Amino acid sequence: PLTSITMHFNARSRPSPPPSPLPHPPPPSPSPPPPPSPSPPTLAITAPTSPPGSCYVYIASCSHAQIPTNTWVRDTWGEVNKGAGTEESACLVDRHTAFSNWCSVPLT
């Protein structure tokens with residue numbers, strides 16, 4: 001579940017390694033697999049996945065009215081001034097702490 005403040009980092013893409021050769025197919029299994037266990041509920045609100053090098057914040061509650069709540073907002077200020085678009089920890093840790101402090105909500 002999304003907490004009061006949730007961060008998401010979109011890393012810049014790196015060159016892909018060359019494809020590896022395909023392995024030989026495994027022998028057929030003698031019995032059908034067991035039924036899958038129930039999966040955990042999925043989040044109804046997914047974070048944006050682009051552009052690369054971006055930091056997004058989802059704020060459920062904030063003491064400052066000018067911050068939009070219950071939607072993903074790109075942290076462009078943090079990207080430009082605090083490295084949140086190039087350093088994952090700057091987005092997910094430093095900016096999370098800053099938003100939590102500014103919005104007066106505990107870190108989760």
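Hydrogens, waters and symmetry mates play no part in the numbers below; they use all other heavy atoms, side chains included. Keep in mind that what you see is a predicted model, and the values were worked out from it rather than measured.
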Test: salt bridge (charged side-chain N to carboxylate O under 4.0 Å, His left out). Region: residues 70-83. Which pairs qualify, not counting sequence neighbours?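 Salt bridge (charged side-chain N to carboxylate O under 4.0 Å, His left out) check on residues 70-83 returns Arg74-Glu79, Asp75-Arg95.
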[X]: which residues meet the side chain to side chain contact (heavy atoms under 4.5 Å, CB included) condition with it, sequence neighbours left out?
X	answer
Thr86	Arg12
Glu88	Phe9, Leu92
Asn70	Tyr58, Ala60
Thr97	Asn101, Leu107

Any sub-3.5 Å donor-acceptor pair from Trp72's side-chain atoms to Val57's backbone N or O? no
Donor-acceptor contact below 3.5 Å, side chain His96 vs main chain Thr6: no
Flag yes if Trp77 and Val73 sit in one hydrophobic cluster, no otherwise; membership is Ile, Leu, Val, Met, Phe, Trp, Tyr, and two members link when side-chain heavy atoms are under 4.5 Å apart. no
Scan for disulfide (SG to SG under 2.5 Å) pairs involving residues 56-86, sequence neighbours excluded, and state none if there are none. Cys62-Cys103
Given the rule in the side chain to side chain contact (heavy atoms under 4.5 Å, CB included) test, do Ile67 and Trp102 qualify, once you have shown the distances and angles that lead to the verdict? CA-CA 10 Å; Ile67 292 286; Trp102 195 65; 3.0 Å; yes
What are the two closest non-hydrogen atoms of [X] and [Y], and how far apart are they?
X	Y	answer
Pro106	Ser100	O-OG, 4.4 Å
Ser104	Ser63	OG-OG, 3.6 Å
Pro51	Ser54	O-OG, 2.5 Å
Ala90	Gly83	CB-O, 3.6 Å

Say you draw a straight line from [atom1] of [X] to [atom2] of [Y]; how long is it, rounded to the nearest 0.5 Å?
X	Y	atom1	atom2	value
Asn10	Tyr56	CG	OH	6.5 Å
Glu87	Cys55	CD	SG	12.0 Å
Ile59	Thr69	CD1	OG1	8.5 Å

